[in-house]
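Following: one structure in structure tokens, then a few remarks.
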Amino acid sequence: MATAVFHQALGTAQSHQHLQNSGSHLEFGNASLKLISKGFKVDIGLSRRGSYSSWKKKFGVIQASASQTSVVQPVSYPPNNSSDELRKKSSEAALILIRHGESLWNEKNLFTGCVDVPLTKKGVEEAIEAGKRISNIPVDMIYTSALIRAQMTAMLAMTQHRRKKVPIILHNENEQAREWSQIFSEDTKKQSIPVVTASQLNERMYGELQGLNKQETADRFGKEKVHEWRRSYDIPPPNGESLEMCAERAVAYFKDHIEPQLLSGKNVMIAAHGNSLRSIIMYLDKLTSQEVINLELSTGIPMLYILKGGKFIRRGSPAGPTEAGVYAYTRSLALYRQKLDDMLR
Ligand SMILES: O=C(O)[C@@H](CO)OP(=O)(O)O
């Protein structure tokens, strides 16, 4: 019964995606945005208000059944409507976004899209490095795409986490998968992090470009045409998805499944892809379609957002596990790290 609840709490979600940057700083091509420069230091007020539409209808269920895995327990609120506003304003949660590490087709400069290609050795190392940077940040739930490069990245990153909880992929694809993956110990469940996989978080489908070499395609169709396919907002590649189409499904998934978890105080990591993460960042930072097409995300660099007072606040990319700015910003992050230090002393 308890395991049914565990699955039920997470079963509504399925998932995953990321930002490109260079080194430890994020690059937004549009200079007028003046986004992040170095880690948290130039972290500017790109705080944006989230959406609560789906939260309102789902929160009660989530509140009642989700298993809590943080060291620091989130505040729990009475599940009645009068407290909705208070809950929105009071709950605080961390959101980590990470684009997968380098894949074998990134290395070969091939259009990848929804082809399920694993990480290179460099990609594995990037994921481990990303894990070190976020090793003191609480993670209660993980969402990944249905693609192995995002799942490998999430799992490898979590090998570095100081809390040492075990990430466990939920299998809700059919009744038998659910039944056969049950866990029969409450203690074991408490030491686990549910991992939800969702195709809505997949890379954008690149249509007839998938498997083609990017340089050869530019030589054949012209640089401008290929740039238009890769970086326009609403022009799809032949038989593929435009960024706008990708954003439609990725953001809908974020709003319906991930945002309610954050609003209930859960700390979430999303491991996904260049274009699905650009879509989510567009939503979080309220970027225009012109701004998002200039946003490039590096492989394997974690990005931190804090949901606080009902707003998503971009905190940049932690340069290291003990980066002061991360823990100075919210009391609960500082407490979490303090508890880890005490536990592991
Ligand atoms: O090939 C792809 O799937 C994507 C990400 O690597 O490429 P692009 O940079 O063109 O979005």
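Remember, it's 1-based here, ligands and their atoms both numbered in the order they're listed. Here the structure is a predicted model, which means the values were calculated and not measured.
Here the protein heavy atom with the shortest distance to atom 6 (O) of ligand 1 is R99 NH2, 3.2 Å. Of all protein heavy atoms, the one lying nearest to atom 8 (P) of ligand 1 is Y206 OH, 3.4 Å. The nearest heavy-atom contact from the protein to atom 7 (O) of ligand 1 is K214 NZ, 3.0 Å. Given atom 3 (O) of ligand 1, the protein heavy atom at minimum distance is G113 N, 2.7 Å. Nearest protein heavy-atom neighbour of atom 5 (C) of ligand 1: E203 OE2, 3.4 Å.
Look at R249 and E241 and you find a salt bridge, because one of the NZ, NE, NH1 or NH2 atoms lies within 4.0 Å of a carboxylate O, short of that distance.
For ligand 1, the atoms sitting less than 4.0 Å from at least one non-hydrogen atom of F111 are 1 (O), numbered in the order shown with element in parentheses. In the vicinity of R231, heavy-atom distances shorter than 4.0 Å reach the ligand 1 atoms 8 (P), 9 (O), 10 (O), 11 (O). The ligand atoms of ligand 1 that sit less than 4.0 angstrom from a heavy atom of L110 are 1 (O).
T330 is linked by a side-chain contact (heavy atoms from CB on, under 4.5 Å) to E92, I306, K308, S332, L333, counting only residues two or more places apart in sequence or in another chain.
Of all heavy-atom pairs spanning C246 and N202, the tightest one is SG-O, 4.4 Å. Residues A334 and Y327 approach most closely at CB-O, 3.3 Å, considering heavy atoms. Here the closest heavy-atom approach between residue P194 and residue L170 is recorded as CB-CD1, 4.0 Å. Closest non-hydrogen pair, K164 versus Q160, comes out as NZ-C, 4.2 Å.
For the pair R314 and F312, the cation does not sit on the ring face, since its NZ or CZ is not both under 6.0 Å from the ring centre and inside 45° of the axis.
Ligand 1 lies nowhere less than 4.0 angstrom from a heavy atom belonging to G274.
Looking at ligand 1, you won't find any N or O of R149 less than 3.5 Å from one of its N or O atoms.
Of the listed options N106, T112, L147, T112 places a heavy atom closest to atom 1 (O) of ligand 1.
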Distance-only donor-acceptor hits, side chain of residues 116-132, under 3.5 Å, sequence neighbours excluded:
from	atom 1	to	atom 2	distance (Å)
D116	OD1	I148	N	2.6
T120	OG1	E102	O	3.3
T120	OG1	E102	OE1	2.5
T120	OG1	K122	N	3.3
T120	OG1	G123	N	2.9
K121	NZ	E125	OE2	3.0
E126	OE1	E102	N	2.7
E126	OE1	T299	OG1	3.1
E126	OE2	T299	OG1	3.2

